[in-house]
Each structure stands twice: as structure tokens, then as C-alpha cells.
Number of protein chains: 2
Amino acid sequence: MSGSRGVFLADCPARLAVDLIADKWTVVVLAGLSEGPVRHGDLVELIGGISRKMLTQTLRRLEAHGLVRRQAYAEAPPRVEYELTPLGATLIEPIHTLTEWARANGDAVLDAIDAGSVTRKK
Amino acid sequence: MSGSRGVFLADCPARLAVDLIADKWTVVVLAGLSEGPVRHGDLVELIGGISRKMLTQTLRRLEAHGLVRRQAYAEAPPRVEYELTPLGATLIEPIHTLTEWARANGDAVLDAIDAGSVTRKK
DNA sequence: CAGTATCCATTTCGATACTG
DNA sequence: CAGTATCGAAATGGATACTG
């Protein structure tokens with residue numbers, strides 16, 4: 001949908017970035033992979049709250065976008081590990097910047113939220 | 001939904017940040033406001049592709065989160081301007097980092113996409 | 001263990017028409 | 001011009017059950 005008939009901001013690079021990461025799990029999955037290869041099941045535990053379906057789906061898209069590499073071992077029981085590609089690793093820094101912002105300003109946002117719900121800008 | 005009963009990564013700051021910006025329009029709207037106050041109608045033109053409904057909805061949420069300030073002038077015809085709050089302005093840098101990433105690596109992602117759709121990792 | 005398929009509830013978003 | 005209301009289509013995501 002990005003850049004089909006956009007006008008100005010419509011096809012700026014921000015749109016591509018948003019299309020890549022603007023869903024519920026992508027950023028968290030990338031964060032989960034940022035320390036090194038992780039198994040499918042371990043990711044589910046690590047992230048907490050994601051279903052296997054959504055994890056697989058997210059990983060598949062990241063794989064298709066060249067950000068994640070899937071490594072399956074022919075063993076029993078099966079073992080599959082996921083890791084960031086070099087390209088994927090470069091995305092960690094922007095995500096980290098975002099996370100740092102949240103760490104620094106998260107409280108301010110929460111304050112604004114319940115300030116608004118009580119006083120409504122009186 | 002964020003942090004209700006998360007386990008590990010579930011309540012790291014990344015989750016808050018994602019919940020804030022992980023939708024189709026938030027980042028683009030913030031980008032549109034990054035240069036200074038803009039009127040409602042101008043934002044629609046500037047962004048390209050957003051409906052007035054979604055723009056208003058996005059702005060309302062950003063307002064509730066303390067990131068955007070709404071300024072209405074009692075004139076005819078009505079004039080309403082939106083601008084970033086100081087807090088909102090601090091979000092521009094992380095967004096810019098992301099945009100820069102997209103500018104630098106967007107082609108690599110696009111390459112990965114159609115490499116995958118043709119050769120399927122031969 | 002890893003992954004898929006199916007079903008279903010919720011959410012998201014666009015089109016349209018309307019108010020002040 | 002700015003904003004709201006309503007409708008419906010489509011995407012999203014969770015639960016569950018199943019396969020290899």
C-alpha cells in the first residue's frame with residue numbers, strides 16, 4: 001500500500017520503515033533476537049504473550065524482508081534457530097533509539113494520559 | 001493491553017513505544033508536524049492518502065498522549081492548527097533515526113523481497 | 001519441537017453523508 | 001474548514017486442534 005499513489009509524505013522513507021515494523025510484534029521479536037540465535041520455543045517464552053502462530057508469521061515476514069535468517073537442523077526432536085541477518089542487525093540501533101526514548105519519556109506519556117482522563121484540559 | 005500480564009520482554013519499554021507508534025498513520029502524522037504548526041486540511045494534503053477521519057483520530061490520540069497540541073481559532077471560516085508539544089518534539093529524533101535507516105537500507109529490503117519471491121532461497 | 005489450518009472476535013480503516 | 005456519525009469491508013490476532 002505504500003507508495004502506490006501517494007503524494008508527498010506518502011512515499012518518503014518513513015513509510016517503508018513504518019510498513020516494516022508497525023505491527024504488534026515485529027519490534028519485540030527483533031529485540032528478542034538482538035542477543036543472538038534463539039529457538040522458536042524460546043522466543044515464545046522470552047517474549048511472553050505471543051502465540052506460536054503470530055511468532056511464525058512475524059518471523060516469516062522478517063525472513064522475506066531479509067532481516068532474519070532461519071536455520072533448521074535435521075534432528076529429532078526438530079530444532080530451528082532464528083538469527084538476525086547483517087541487514088537485520090542494522091535495524092537494532094533505530095529500535096534501540098526508540099526504546100531509549102520510551103525509557104526516558106514513558107512516564108511523561110502515562111502522566112499525560114491520566115491527566116487528560118481526569119481534567120480534560122480544564 | 002501492554003503490560004497486563006506480560007512475562008519478560010512483555011513489559012520492557014519497547015512495548016510502550018510500539019503501542020504508541022505502531023499503527024498506519026502515527027509516525028507519518030508526527031513527521032508532518034515536525035516542521036512546525038500545520039492546519040488540519042494541510043495535513044491531509046501533505047500526508048496524502050489519509051482520510052480526515054483517520055487524521056482526526058490519530059491527532060486525538062497523540063493529543064491524549066501529550067505529544068500534540070491542538071490550537072483552535074475562533075474565526076470564520078474555522079481554523080485549527082496542530083503542533084508538537086515539547087514532549088512530542090523529542091520523539092522526532094527516534095523517528096528520524098528510523099527514517100534514516102529506511103533511506104539507507106530500504107533498497108536492500110526491497111531486493112530481499114523480490115529475491116525471495118523469485119528464487120525462494122534456491 | 002516446530003509448524004499449519006481453521007474458526008472467530010476484535011480492531012482498523014475507508015467511503016459517504018452530515019453538522020457547526 | 002473542521003469535525004462527527006455510520007456503515008461495511010478487510011486485516012489482525014487469539015484459541016484450538018492437528019500434522020510431521
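Because only heavy atoms are used, hydrogens play no part in the values below, and waters and symmetry mates are left out as well, while side chains stay in. So you know, we letter chains A, B, ... as the sequences are listed, proteins then strands, and number each from 1.
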Do B/Leu67 and B/Leu84 come within less than 4.5 Å of each other through their side chains, counting heavy atoms only?
no
Would a 4.5 Å heavy-atom cut-off, applied to side chains only, mark A/Arg39 and A/Val80 as touching?
no
OP1 or OP2 of [N] versus the side-chain N and O atoms of [X]: is any pair under 4.0 Å?
{"X": "B/Arg39", "N": "D/dC1", "answer": "no"}
{"X": "A/Arg60", "N": "C/dG3", "answer": "yes"}
{"X": "B/Lys53", "N": "C/dT16", "answer": "no"}

Nearest-angstrom distance from the residue atom [atom1] of [X] to [atom2] of [N]:
{"X": "B/Asp19", "N": "D/dG13", "atom1": "CG", "atom2": "P", "answer": "11 Å"}
{"X": "A/Lys24", "N": "C/dT12", "atom1": "NZ", "atom2": "C1'", "answer": "13 Å"}
{"X": "A/Asp42", "N": "C/dC1", "atom1": "CG", "atom2": "P", "answer": "9 Å"}
{"X": "A/Arg61", "N": "D/dA11", "atom1": "CZ", "atom2": "P", "answer": "14 Å"}
{"X": "A/Glu63", "N": "C/dG3", "atom1": "CD", "atom2": "C1'", "answer": "13 Å"}
{"X": "B/Leu55", "N": "C/dT12", "atom1": "CG", "atom2": "C1'", "answer": "16 Å"}
{"X": "B/Glu75", "N": "D/dG3", "atom1": "CD", "atom2": "P", "answer": "13 Å"}
{"X": "A/Leu43", "N": "C/dC1", "atom1": "CG", "atom2": "P", "answer": "14 Å"}

Starting from the first five and the last five pairs of the helix from C/dC1-D/dG20 to C/dG20-D/dC1, work out the angle between the resulting helix axes, to 10 degrees.
40°
Taking all non-hydrogen atoms of both residues, which atom of [X] and which atom of [Y] are closest, and how far apart?
{"X": "A/His40", "Y": "A/Thr56", "result": "CE1-OG1, 3.1 Å"}
{"X": "A/Trp101", "Y": "B/Pro94", "result": "CB-CG, 3.7 Å"}
{"X": "A/Arg52", "Y": "A/Val44", "result": "CG-CG2, 4.2 Å"}

Is any side-chain N of the basic residue among A/Glu63 and A/Arg61 closer than 4.0 Å to the acidic one's carboxylate O?
no
Electrostatic pair A/Arg69-A/Glu83, nearest N-O below 4.0 angstrom
yes
Side chain of [X] - closest among [options]:
{"X": "A/Arg52", "options": "D/dG13, D/dC18, C/dG14", "result": "D/dC18"}
{"X": "A/Thr56", "options": "D/dG13, C/dG3, D/dG3", "result": "C/dG3"}
{"X": "A/Trp25", "options": "D/dG3, C/dT4, D/dG13", "result": "D/dG13"}
{"X": "A/Asp23", "options": "D/dG13, D/dA2, D/dC1", "result": "D/dG13"}
{"X": "A/Arg70", "options": "D/dG13, D/dG3, C/dG3", "result": "C/dG3"}

Closest-nucleotide 5' rank along DNA chain D - winner of A/Pro78 and A/Ser51
A/Ser51
Go nucleotide by nucleotide along DNA chain C from the 5' end; which of A/Gly41 and B/Met54 gets its closest nucleotide reached first?
A/Gly41
Within the side chain of B/Thr26, is there an N or O that forms a donor-acceptor pair under 3.5 Å with the backbone of B/Asp23?
no
At under 4.0 Å between heavy atoms, what does A/Tyr73 touch on the DNA or RNA strands: base, sugar-phosphate, or nothing?
nothing
